Protein chains: 2
Amino acid sequence: MARDERKRPTIYDVAREAELAPSTVSRALSNPGRVSSRTREHVLAVADRLGYQVNSLASALPSGRTHTVALFVSDITNPHFFGIIRGAEHQARAAGCTLILGDTEESPEVEARNIERLGSSVDGFVVAASRMTDEDIEALAGKHRVALISRQLAGLPSVIVDHVDGTREIVEHLAALGHESLVYLAGPRRAWLTDQRWRGLAQAARRVGMSARRLGPFQPTMRAGANAADVALGSGATAAVAHNDLMAIGMLRRVAERGMRVPDDLSVVGFDDIFGSDISSPALTTLGGPFEEVGRLAVDSLLGMREKSREAGRAEQIVLPSHLVIRGSTGKAPVR
Amino acid sequence: MARDERKRPTIYDVAREAELAPSTVSRALSNPGRVSSRTREHVLAVADRLGYQVNSLASALPSGRTHTVALFVSDITNPHFFGIIRGAEHQARAAGCTLILGDTEESPEVEARNIERLGSSVDGFVVAASRMTDEDIEALAGKHRVALISRQLAGLPSVIVDHVDGTREIVEHLAALGHESLVYLAGPRRAWLTDQRWRGLAQAARRVGMSARRLGPFQPTMRAGANAADVALGSGATAAVAHNDLMAIGMLRRVAERGMRVPDDLSVVGFDDIFGSDISSPALTTLGGPFEEVGRLAVDSLLGMREKSREAGRAEQIVLPSHLVIRGSTGKAPVR
DNA sequence: GTGAAAGCGCTAACAC
DNA sequence: GTGTTAGCGCTTTCAC
């Protein structure tokens with residue numbers, strides 16, 4: 001142990017050993033096109049022999065490129081973000097970048113503070129399910145590269161999973177089962193998705209002649225699901241659409257606690273198709289999506305984002321298809 | 001947008017504005033004890049007015065301290081790591097550090113490569129459930145600060161959740177229910193915990209006169225749980241202890257698929273008490289632990305680790321208590 | 001294609 | 001206490 005106490009070799013060590021200038025070594029390592037292939041190979045060989053490794057800090061200082069991107073999620077304990085995190089991690093690694101993960105814990109303040117703190121030590125930010133206001137996000141985007149997940153904002157690249165078709169599918173599924181009324185147990189007011197989902201549900205319900213009410217807001221957690229379940233049961237509706245699976249699973253449990261049955265007394269639908277949604281009983285009907293792909297694409301468009309494209313306002317807004325996963329928590333509407 | 005195109009102010013800007021030397025500004029900002037309180041306040045005021053923010057990259061270069069720590073987990077989609085990640089994140093933030101999260105995907109190669117890649121751009125590594133060999137970890141520890149989670153190695157700080165008392169509790173619980181035989185569905189060979197858990201189970205079983213067999217190894221995933229269930233059912237044992245909850249939940253499902261019942265035909269126990277273990281049916285009996293605390297303490301001991309203490313070999317090895325969570329997946333042994 | 005030299009923004013001796 | 005002066009290890013003009 002501690003045998004390797006001498007410092008790591010630098011490009012100067014490599015340069016001396018290779019009898020070249022440091023700048024040439026630098027080029028050979030990071031700008032291979034600008035040196036002859038002979039020198040490049042020589043440099044690579046010497047670097048390898050000396051066990052040279054780039055000091056990413058040092059190279060980031062003059063260049064400004066840190067090869068690091070940050071991903072912020074609103075709640076790291078929500079399995080919904082699993083796929084997103086993994087996808088982002090893969091894409092970041094594929095692009096030679098390191099991913100920093102941050103948890104904003106549902107707070108716009110924590111979100112803003114943590115982003116500011118990272119400041120110039122990352123190349124950009126992917127923000128999933130941001131709770132910040134449009135204005136704050138725009139201000140942020142004025143200073144850093146930003147890509148959004150589960151949120152759209154003019155001029156910024158974003159990746160979302162479709163909710164228009166998705167909510168329509170949910171409503172039609174419920175209508176087919178004979179339901180004539182649904183309640184939406186809304187998520188946090190600051191979550192962009194909350195309004196989007198409600199809008200989609202309300203519109204689709206209107207079209208099929210189903211009544212729809214919005215209740216809440218609730219925190220998007222299992223715990224809050226208990227409260228949501230009580231409210232839903234009290235509403236008289238036969239179907240409840242929860243803002244996410246965490247809430248929906250909490251509802252499932254609460255309904256059972258109260259001696260009622262899902263789906264006989266109440267059908268329950270969630271969003272996200274998280275880990276756990278198929279092990280509850282009954283298993284949860286939910287709107288899933290390709291979330292690894294979401295994470296991957298978000299990092300991709302962040303890194304591909306050139307300064308120019310921001311000004312041009314031609315940031316790509318990607319919408320990936322969702323799919324309804326029908327399981328045991330939805331069934332025929334009870335006869336009243 | 002793009003209105004803030006001028007560069008961020010540096011300490012030189014602050015120094016000029018405050019009519020002081022850059023070094024004084026530097027001290028006022030990061031070494032407050034070494035300047036007069038008047039200058040400090042002056043500097044702070046000017047910095048604030050100019051909107052100065054430290055460039056953490058630039059300060060890391062000469063000082064060598066990056067105020068960043070990396071946490072590597074063996075599988076980021078395993079909810080077991082939730083608590084650990086969140087605890088680590090909190091502690092890192094409390095210490096003014098940024099946390100980088102890495103997923104090693106059960107591979108010692110990915111693990112080693114990713115750690116090497118981060119190299120000197122972090123102050124240290126917390127490695128949870130490392131799949132590397134003792135030798136590789138020691139080599140790593142010769143070059144970087146390392147703290148281990150769910151693994152012990154002489155001379156390195158580590159945090160684990162007790163498995164000796166824990167496995168004893170499991171066995172005694174099963175014995176109390178009349179079980180006379182158990183099988184352990186082992187986790188990956190490279191996971192340190194696999195042997196530790198087996199040793200604990202075997203020893204405790206011997207003491208209560210229960211027969212115990214080790215089967216596997218299996219991947220610690222839900223998918224592998226199906227396989228594990230078949231093997232367990234074929235073994236003739238009345239109780240199965242899975243390497244973790246993911247496997248155990250997979251077993252639960254597979255047993256049901258085969259038309260058998262848990263716990264009537266087979267009792268199932270897991271480890272970790274993950275999200276999901278209480279929503280399966282039956283809910284899972286499992287050995288839980290204070291995993292947020294584990295994450296917190298690991299970061300804590302990493303950051304508190306002075307170069308000296310490594311040589312002195314007095315790294316602290318923390319063992320946190322586990323607790324058995326008894327739920328519906330364990331019951332009376334079937335009468336044979 | 002390669003070398004010399006000037007930084008990137010900060011810290012840390014070392015003077016005073 | 002505060003200022004001066006070298007760097008930290010790399011990139012990047014600018015010459016040749």
Side-chain angles (χ1 to χ4, degrees), chain A residues 6-44 46-47 50-68 96 98 117-123 143, chain B residues 6-44 46-47 50-68 96 98 117-123 143:
Chain A
R6 56 190 175 192
K7 324 181 65 147
R8 299 164 45 135
T10 71
I11 52 168
Y12 286 90
D13 300 316
V14 177
R16 194 178 328 110
E17 192 76 9
E19 301 189 311
L20 286 165
S23 51
T24 306
V25 174
S26 171
R27 285 187 204 101
L29 260 25
S30 50
N31 224 338
R34 294 173 53 78
V35 294
S36 78
S37 60
R38 269 198 62 236
T39 39
R40 185 175 66 247
E41 273 160 33
H42 182 208
V43 167
L44 257 36
V46 172
L50 261 48
Y52 169 81
Q53 305 229 126
V54 292
N55 180 330
S56 49
L57 248 50
S59 65
L61 230 205
S63 71
R65 278 170 289 103
T66 62
H67 294 285
T68 301
T98 299
R117 226 169 57 73
L118 243 39
S120 59
S121 47
V122 300
D123 288 342
K143 297 155 77 177
Chain B
R6 57 190 173 192
K7 325 182 61 147
R8 299 164 45 137
T10 72
I11 52 168
Y12 286 91
D13 300 316
V14 177
R16 194 179 329 107
E17 190 76 9
E19 301 188 312
L20 286 165
S23 53
T24 306
V25 174
S26 172
R27 285 187 204 104
L29 259 26
S30 50
N31 224 338
R34 294 175 53 78
V35 294
S36 78
S37 59
R38 268 197 64 235
T39 38
R40 186 176 63 248
E41 274 160 33
H42 182 207
V43 167
L44 257 37
V46 172
L50 262 48
Y52 169 80
Q53 303 228 127
V54 290
N55 180 328
S56 49
L57 248 51
S59 65
L61 231 204
S63 71
R65 278 169 290 102
T66 62
H67 294 286
T68 301
T98 298
R117 227 169 58 73
L118 244 38
S120 59
S121 48
V122 299
D123 288 342
K143 296 157 77 178

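Computed over heavy atoms, backbone and side chain alike; hydrogens, waters and symmetry mates excluded. Quantities reported herein were computed from a predicted structural model and do not represent experimental measurements. Residue numbers begin at 1 in each chain, while the letters A, B, ... track the order of the sequences.
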Partner set under side-chain hydrogen bond (donor to acceptor under 3.5 Å, both in side chains) for [X], not counting sequence neighbours:
X: B:Asp123; result: B:Thr66
X: A:Arg117; result: B:Thr98
X: A:Glu41; result: none
X: A:Thr68; result: none

Selection: residues 32-43 of chain B, any non-hydrogen atom under 4.0 Å of DNA chain C:
none
Output the residues of residues 60-67 of chain B in contact with DNA chain C, where contact means a heavy atom of the residue under 4.0 Å from an atom of the strand; sort by number or write none.
B:Leu61, B:Pro62, B:Ser63, B:Arg65
Taking 5' to 3' order, which nucleotide of DNA chain C is first and which is last to have an atom within less than 4.0 Å of a heavy atom in chain A?
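Listing 5' to 3', DNA chain C meets chain A from C:dG1 to C:dG9.
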Here the distance between atom C1' of D:dG3 and atom CG of B:Asn31, to the nearest Å, is 16 Å
Are the side chains of A:Arg8 and B:Ser120 in touch, meaning some heavy atoms are under 4.5 Å apart?
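The answer is yes, as the side chains (C-beta and beyond) meet within the 4.5 Å cut-off.
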Side-chain heavy-atom pair A:Val54, A:Ser59 within 4.5 angstrom cut-off
no
Within residues 18-29 of chain A, residues whose heavy atoms come under 4.0 Å of DNA chain D:
A:Ser23, A:Ser26, A:Arg27
Excluding sequence neighbours, so at least two apart, what forms side-chain contact (heavy atoms from CB on, under 4.5 Å) with A:Leu44?
A:Leu29, A:Arg40
Applying side-chain hydrogen bond (donor to acceptor under 3.5 Å, both in side chains), which residue pairs with at least one partner in residues 22-37 of chain B are found, sequence neighbours left out?
B:Ser36-B:Thr39
If only atom types and distance count, is the side chain of A:Arg65 paired as donor or acceptor with the main-chain N or O of A:Ala60 below 3.5 Å?
no
Can you list, pair by pair, the side-chain donor-acceptor contacts under 3.5 Å of residues 14-22 of chain A, counting residues two or more places apart and other chains?
from: A:Arg16; atom 1: NH2; to: A:Asp13; atom 2: OD1; distance (Å): 3.3
from: A:Glu17; atom 1: OE2; to: A:Arg49; atom 2: NH1; distance (Å): 3.3

Using five pairs at either end of the helix from C:dG1-D:dC16 to C:dC16-D:dG1, determine the angle between the two local helix axes and round it to 10 degrees.
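The two end axes of the helix from C:dG1-D:dC16 to C:dC16-D:dG1 meet at 30°.
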Would you give the length of the straight line joining atom CG of A:Leu57 to atom CG of B:Leu57, rounded to the nearest 0.5 angstrom?
5.0 Å
